[in-house]
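Every chain is numbered from 1, with letters handed out A, B, ... down the list of sequences.
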There are 2 protein chains.
Amino acid sequence: MEVILDDTDIKILNLIQGNARISNADLAREVNMAPSAVLERVKKLEQKKVIKQYNAVINPVAVQQKLLAFIFIKSKEGFTCSTETANSLAAIPEVQEVHHIAGEDCFLVKVRTADSAGLMELMRNSLRKIPNILSTKTTIVLETVKEDHQLVIQQKNKTG
Amino acid sequence: MEVILDDTDIKILNLIQGNARISNADLAREVNMAPSAVLERVKKLEQKKVIKQYNAVINPVAVQQKLLAFIFIKSKEGFTCSTETANSLAAIPEVQEVHHIAGEDCFLVKVRTADSAGLMELMRNSLRKIPNILSTKTTIVLETVKEDHQLVIQQKNKTG
DNA sequence: TCTGAAACACAACATGA
DNA sequence: TCATGTTGTGTTTCAGA
C-alpha cells in the first residue's frame, strides 16, 4: 500500500521528528489548522506506520555506554545471508542495528557497550553462540561527530 | 560534571526512551510517585542533557528515502582527521552519522538518499566539494533487519 | 526531594459541515 | 477532510514537609 502524503503531512512530520513531545495544540498553530484536524492526521500517520515510534534520545555517556563499534560479519551461507543469522544478531540487546549489505561481507552491525571489555564479552558470548558466523571485522569509533536520525523530507512543489 | 542517576531515574529513562510521548501522569503511576516529582526529574534529566532530544522515528520508505549506505572516507590529514573535514561532512543533511574511526580510514559516514541516483549526486556534489578527501569506499545496504537506537540501561543493584 | 492541592491548558471525542 | 464544542484528563506551579 502506497502512502500519499501532502504538504501538511510533511510539515507535521518535520515538526514532530525533531520534537516528538510537541503538543498537538502547538502543532495545530504551526500548520494553521484546528487541533482536532491535526490530531486526526497524526493518528493516521501512526496507524500507517509512517511514524514508527517516539524515542527519547539518551546520552550514551551518561548511562555508561561509552563504546561504539561497527562489526562486519561474514557468514557461512555466503551469498544468501540467512534471516536466521540476522535475527540472532538482532536479538542481542547491545546491537542497535543489523544491516544486510552488498559486497563480500554479509552483515554490518552497530553495537554499543560500556567499554572494550564489554565488547569483548559480547563477542565471546553472544556472537560466538551464533552458528554460521565465519569471521568478524570490528571498527572502533573514536569519536562521534554527528548522530542524528532525522530524515530529509522533501516538500512537493506547490507549483508542480 | 558527572551525572548521578538513581534507580528511579533509570526507570524513567527506560520508559521514556521507548515511548517519548508517555504522559507525565502515566510515568508517575509507573514509578509510584506524584506527577510533580516525576516532572521535576524529567526536567532535570533534560537540563543535564541525559535526555538529548525527543524524536519521532519516521519510516524512511514512506518519505522516499529508500537507499541507505555507509561510506568510509580517507582524508589527507591522515592520522589527525581534522574536525574541519568532519564538520563539513556533518553539515550535509543526508548524512545522518559521522564517526571518527580507528584504523586506516578516517571517517565512517551513514547516509540516506532517495535512491542510487541520489547517492551519486551526493558524492558528486557534496562530497567532491570537501577538500582533503582522498578516497571513499561505499557499502550499500540491501536490507535493514534492525534499526533501534534504544540503549541498554542497567539498573543498579538494590542490594549493593 | 517529595506530596498534595488548585488553576489552567490540553487531549480526545462527537457532531456536523 | 476540517471546524466547533464539550468533557475528562493531564500539565504545571506553588506551598509545605
Please tell me which of the listed nucleotides, [options], lies nearest to the side chain of [X]?
X: A/Arg41; options: D/dG10, C/dC2, D/dC2; answer: D/dC2
X: A/Ser36; options: C/dG4, C/dC13, C/dA11; answer: C/dC13
X: B/Met33; options: D/dT12, C/dC2, D/dG10; answer: C/dC2

Could you tell me the separation between the [atom1] atom of [X] and the [atom2] atom of [N], rounded to a whole number of Å?
X: B/Ile22; N: D/dG10; atom1: CD1; atom2: P; value: 11 Å
X: A/Asn24; N: C/dC13; atom1: CG; atom2: C1'; value: 13 Å
X: B/Asp26; N: D/dT11; atom1: CG; atom2: P; value: 8 Å
X: A/Glu40; N: C/dG16; atom1: CD; atom2: C1'; value: 13 Å
X: A/Lys43; N: C/dC10; atom1: NZ; atom2: C1'; value: 13 Å
X: A/Leu39; N: D/dC2; atom1: CG; atom2: C1'; value: 13 Å
X: A/Lys44; N: D/dC2; atom1: NZ; atom2: P; value: 8 Å
X: B/Leu45; N: C/dT1; atom1: CG; atom2: P; value: 11 Å

With hydrophobic residues grouped by side-chain heavy-atom distances under 4.5 Å, do B/Leu67 and B/Leu127 end up in a single group?
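Yes, because B/Leu67 and B/Leu127 connect within a single hydrophobic cluster, where side-chain heavy atoms sit under 4.5 Å apart.
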Would you say A/Met123 ends up clustered with A/Leu68 if hydrophobic residues are merged whenever their side chains have heavy atoms under 4.5 Å apart, either directly or through other cluster members?
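No, A/Leu68 and A/Met123 fall in different hydrophobic clusters.
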Can you tell me if the side-chain N/O atoms of A/Arg21 get under 4.0 Å from OP1 or OP2 in C/dC10?
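For C/dC10, OP1/OP2 do not have a side-chain N/O of A/Arg21 under 4.0 Å.
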Would you call [X] and [Y] a salt bridge, taking side-chain N to carboxylate O under 4.0 Å as the test?
X: B/Arg41; Y: B/Asp6; result: yes
X: B/Arg112; Y: B/Glu147; result: yes
X: B/Lys11; Y: B/Glu30; result: no

Tell whether B/Ser23 reaches the base of D/dT11 with its side chain through a donor-acceptor pair below 3.5 angstrom.
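Counting by modelled atom types and ignoring angles, no donor-acceptor contact under 3.5 Å is found here.
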Could you check whether A/Ala34 gets within reach of a base, just the sugar-phosphate, or nothing at all, counting any heavy atom under 4.0 Å?
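Base, at least one base atom sits under 4.0 Å.
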Using a 4.0 Å heavy-atom cut-off, does A/Ala25 contact any base of the nucleic acid, only the sugar-phosphate backbone, or nothing at all?
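Sugar-phosphate, backbone atoms only, no base.
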Nearest-nucleotide 5' precedence on DNA chain D, A/Asn32 against B/Pro35:
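Looking at the nearest nucleotide for each, A/Asn32 comes out on the 5' side.
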